[in-house]
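Heads up: the structure comes next, in structure tokens.
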Amino acid sequence: MRWKACRAATSGSAVLDREHGSVFDEWIRLGSPAFPTEEELKYLHSRSGPAMRTDRLELSEGYAEEAVVPPHGVQLITLEKQYR
């Protein structure tokens with residue numbers, strides 16, 4: 001991804017894959033309980049969201065980022081210009 005003509009920006013990303021947000025994989029790690037306890041259900045619910053990151057970027061010559069997305073994974077990258 002390349003982005004030019006901007007001096008400052010905010011970069012955000014959200015990742016869903018087998019390590020981030022996959023309740024099925026977490027359920028397997030718990031031992032695949034047929035009848036999860038209330039505590040296990042709360043834990044699985046807490047693990048159901050994407051991994052998120054936000055960074056403030058100072059740009060002098062544009063922006064380039066390389067992202068590797070695993071099979072069955074999804075990554076959303078957002079860029080927002082910051083005006084001074």
Quick one: side chains of residues 27-35, donor-acceptor pairs under 3.5 Å with protein atoms, not counting sequence neighbours, listed by atom name and distance.
from	atom 1	to	atom 2	distance (Å)
W27	NE1	P33	O	3.0
R29	NH1	E26	OE2	2.6
R29	NH2	E19	OE2	3.3

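- Across every non-hydrogen atom of I77 and A67, the tightest pair is CD1-CB, 4.2 Å.
- Scanning for side chain to side chain donor-acceptor pair (under 3.5 Å) contacts around S22 gives D25, with sequence neighbours left out.
- With rounding to the nearest 0.5 angstrom, the OG atom of S11 is 11.0 Å from the CD atom of E80.
- For T37, the side-chain contact (heavy atoms from CB on, under 4.5 Å) partners at least two apart in sequence or on another chain are E39, E40.
- Here L76 is tied to no hydrophobic group at all, with no ILVMFWY side chain closer than 4.5 Å.
- Under the 4.5 Å side-chain heavy-atom criterion for Ile, Leu, Val, Met, Phe, Trp and Tyr, L16 and V23 are members of distinct hydrophobic clusters.
- Within the 4.5 Å cutoff, no side-chain heavy atoms of P50 are placed close to those of V15.
- Qualifying side-chain contact (heavy atoms from CB on, under 4.5 Å) partners for V69, counting only residues two or more places apart in sequence or in other chains: Q75.
- The side-chain contact (heavy atoms from CB on, under 4.5 Å) test applied to T54 returns T10, not counting sequence neighbours.
- Side-chain heavy atoms closer than 4.5 Å link hydrophobic residues (I, L, V, M, F, W, Y) into clusters, and following such links, even through other members, never connects F24 to V74.
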